[in-house]
Amino acid sequence: MAESIRYAGEVFQGYNKPKRTPGDSKKFAVLVKDDEGEDKIVRFGDPSMENYRNGPRGEGGHGDEERREDFKRRHNCTEKNDRTTPGYWSCNWSW
């Protein structure tokens with residue numbers, strides 16, 4: 001089992017492994033390394049939105065291809081390639 005990483009008072013299961021956050025500001029947090037090799041916490045996800053990631057596919061969840069395509073088009077997901085940004089994680093992990 002991978003060793004836990006402590007950073008800024010939080011515990012992560014490793015780099016690039018999103019976890020749920022207990023606060024009200026964002027739904028998820030992930031620990032990444034930036035281009036200079038420094039650790040950075042990226043917070044993403046609207047906590048007021050339902051969590052379709054773990055829900056039933058094809059019933060309005062992320063298994064609905066039309067809904068996924070609409071989200072990715074609205075948020076320009078094809079341009080989100082930087083792992084140190086919330087947009088990258090929303091597009092490539094949540095959806």
Task: Minimum heavy-atom distance C91-K80, with the two atoms named - done: SG-CG, 4.0 Å
Open item on the list: Working to the nearest 0.5 angstrom, can you tell me the gap between D34 CG and K40 NZ?
Closed with: 7.0 Å
- [ ] Only counting residues at least two apart or in another chain, list the ones meeting salt bridge (charged side-chain N to carboxylate O under 4.0 Å, His left out) with K19.
- [x] E10
Open item on the list: Using every non-hydrogen atom in the two residues, find where N16 and V32 come nearest and quote the distance to one decimal.
Closed with: OD1-CG1, 3.3 Å
- [ ] Find out whether Y15 and V30 are in side-chain contact, i.e. whether some heavy atom of one side chain is under 4.5 Å from a heavy atom of the other.
- [x] no
Open item on the list: Among residues at least two apart in sequence or on other chains, which ones pass salt bridge (charged side-chain N to carboxylate O under 4.0 Å, His left out) with K33?
Closed with: D39
Task: D70: which of K72, R74, R68 passes side-chain contact (heavy atoms from CB on, under 4.5 Å) - done: R74
Task: Closest contact, heavy atoms only, Q13 versus S4 - done: NE2-OG, 3.5 Å
Open item on the list: My understanding is that only residues two or more places apart in sequence, or in another chain, count here; which of them pass ring-ring contact (aromatic ring centres under 6.0 Å, His included) with F71?
Closed with: H75, W95
TODO: Give the cluster check for Y88 versus V42: same hydrophobic cluster or not, with ILVMFWY residues linked at side-chain heavy-atom distances below 4.5 Å.
DONE: yes
- [ ] Take I5 and L31 through the test side chain to side chain contact (heavy atoms under 4.5 Å, CB included) and record every step on the way to the result.
- [x] CA-CA 9 Å; I5 300 170; L31 182 64; 3.6 Å; yes
Task: Non-hydrogen atoms of S90 and G45 that approach each other most closely - done: OG-N, 4.2 Å
Open item on the list: As an exercise, state the distance from CZ of R83 to CH2 of W89, rounded to the nearest 0.5 Å.
Closed with: 5.0 Å
- [ ] Would you confirm whether the ring centroid of F28 sits within less than 6.0 angstrom of the ring centroid of W93?
- [x] yes
Task: side chain to side chain contact (heavy atoms under 4.5 Å, CB included) evaluation trace for F12 with R6 - done: CA-CA 6 Å; F12 293 87; R6 289 189 163 277; over 6 Å; no
Task: Minimum heavy-atom distance P47-S25, with the two atoms named - done: CD-O, 3.6 Å
